[in-house]
Amino acid sequence: MPHDPPAQPDGPSVMWFRTDLRLADNPALAVAAERPLVALYVLDDGANGARPLGGAARWWLARSLRALAAALAAQGVPLILRRGAAAEAVPAVLRETGAGLLAFNPGETPIDRAAEGAVTAAVAKSLPHVAVSHGVRRSALIHDPASVGGRVFTPFWKHIRAAFVPPPPLPAPDRLAGAAAVRSDALNDWELEPTAPDWAGGLDESWAPGEAGAAKRLADFLDGGLTGYATLRDRPDLDHVSRLSPHLRFGEITPAQLWHAARAAMASGRATSLDVEKFLTELGWREFSYNLLNQRPLLAEANIQPRFDAFPWRQDEASLAAWQRGLTGYPIVDAGMRQLWQTGWMHNRVRMVVASFLVKHLLQDWRAGEAWFWDTLVDADPASNPASWQWVAGCGADAAPYFRIFNPVLQGEKFDPHGDYVRRWVPELTDLPNAVLHRPWTAPPGVLSAAGVTLGESYPAPLVDHAHARARALAAFQTIKAKAA
DNA sequence: TACTGCTTGAT
DNA sequence: TCAAGCAGT
């Protein structure tokens with residue numbers, strides 16, 4: 001039996017990194033950095049009951065960990081990687097390093113808090129000399145889900161805007177000092193990155209995971225995309241969204257940093273208050289989603305409105321597969337699904353259109369779509385992804401009414417008016433004229449052949465007729481509507 | 001952050 | 001003939 005080294009209350013600190021893969025505005029790191037530092041990341045990979053990361057998120061995590069390791073290594077601090085239950089891995093590293101302080105930022109999901117509770121209990125039991133710090137304040141959210149509730153977005157956000165102003169972001173620690181290193185897993189052995197090279201290739205071209213990549217993305221957004229954000233953010237053919245969601249998801253940047261950067265851009269006249277307020281509202285939906293997750297830990301599994309438990313979803317693997325591959329015959333839907341597959345991301349407007357299409361036109365259970373997004377989106381988080389699916393499906397809190405059924409033709413014509421977005425992701429339709437680009441089945445045969453399009457061969461005929469699907473969805477809704485009263 | 005079908009009134 | 005407004009889904 002090996003015995004523990006003597007307790008060292010003044011020993012080094014262990015910073016347990018979680019979904020906070022950054023050095024700046026990191027309250028726990030600010031405390032941990034006052035001592036020689038051991039940086040630790042634990043891949044629980046389901047060990048704590050958490051949902052295993054999807055494929056795209058695993059790719060992102062690998063890249064983000066590499067970026068964090070490089071930033072730490074530049075200051076002489078190795079990043080220690082361990083795999084397994086945090087309640088075993090964290091105390092083990094504390095013991096091996098003779099640490100006197102454990103620091104970590106509190107998580108914002110019930111499962112994360114359960115994991116940290118288990119860690120804290122294990123430390124208190126077997127390493128009572130180790131102090132535990134959660135840093136000086138919360139940083140993953142603007143608001144405190146324990147102190148605010150609500151099921152309706154507008155009053156929720158109004159309250160948050162009035163009651164919570166994020167404090168100025170903390171700078172990265174001036175300097176870090178490494179403690180003696182201990183064993184680490186090799187990142188490559190975790191096999192986080194997809195073996196299909198074409199997938200990783202598309203992700204590589206689209207993203208720069210890590211804190212530096214997040215800062216550059218924010219700077220680029222403030223330099224261009226934020227201007228006109230209030231209206232142009234709905235245009236998938238333009239570049240007026242922030243694309244910061246995956247950086248936020250892994251804690252490479254904080255909402256407080258975004259908040260203050262956006263307000264500063266307004267103060268310096270680079271952005272209007274309308275644009276900034278719209279941008280902050282998008283952060284608000286993220287806050288709202290985390291609030292819901294804390295109210296409803298089974299957000300990804302259970303309808304918030306129980307009457308939807310009786311909804312007559314269709315089982316149709318072929319339709320689901322056509323949707324996943326971007327072969328529905330509706331150009332705006334197919335463009336979005338292909339953008340998702342090729343880049344791990346989809347424009348928000350198009351997310352609503354494709355989600356509505358799956359749930360209402362194809363009558364597929366929203367959980368099937370949520371699972372696909374979870375696997376393929378680099379930004380899928382345990383709150384926003386299920387909350388947004390429930391919103392679209394109509395079964396969520398403050399949800400869009402079920403009878404709000406997007407018309408994929410009108411949505412395409414309204415938000416991709418020149419067809420640039422469709423032509424980029426559905427190149428087989430490139431030569432169709434704008435007048436029929438979003439509804440190729442209405443094009444005269446001569447127009448189709450001139451564009452080299454053969455419906456059913458070079459591009460699918462519509463999987464379902466819109467008017468028929470709309471009527472069918474409303475009829476399905478009628479079967480559960482009576483139960484609401 | 002909806003669509004559809006219908007009416008009304010301008011042309 | 002159609003834009004605009006409205007109600008119902």
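To find a chain, count down the sequence lines: A is the first, B the second, and so on, and within it residues start at 1.
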K.L.:
On the six-membered ring of A/Tyr402, is A/Lys360 placed so that its NZ or CZ lies under 6.0 angstrom from the centre and within 45° of the ring axis?
P.N.:
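Yes.
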K.L.:
Would you say the side-chain atoms of A/Gln305 pair up with the backbone N or O of A/Gly394, donor to acceptor, closer than 3.5 Å?
P.N.:
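Judged by distance alone, yes, a pair lies under 3.5 Å.
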K.L.:
May I ask you to check whether A/Phe288 and A/Trp157 place their ring centres under 6.0 Å from each other?
P.N.:
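For A/Trp157 and A/Phe288, the ring centres are not under 6.0 Å apart.
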K.L.:
Between A/Trp441 and A/Tyr459, is the ring centroid distance below 6.0 Å?
P.N.:
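Between A/Tyr459 and A/Trp441, which both carry aromatic rings, the centre distance is not below 6.0 Å.
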K.L.:
Are any non-hydrogen side-chain atoms of A/Arg233 and A/Ser242 less than 4.5 angstrom apart?
P.N.:
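A/Arg233 vs A/Ser242: side chains apart.
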K.L.:
First and last nucleotide of DNA chain B in contact with chain A, 5' to 3', at under 4.0 Å to a heavy atom: what are they?
P.N.:
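Result: B/dT1 to B/dT4.
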K.L.:
Name the residue closer to the 5' end of DNA chain B, choosing between A/Asn407 and A/Lys414 according to the nucleotide with the nearest heavy atom.
P.N.:
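Closer to the 5' end of DNA chain B: A/Lys414.
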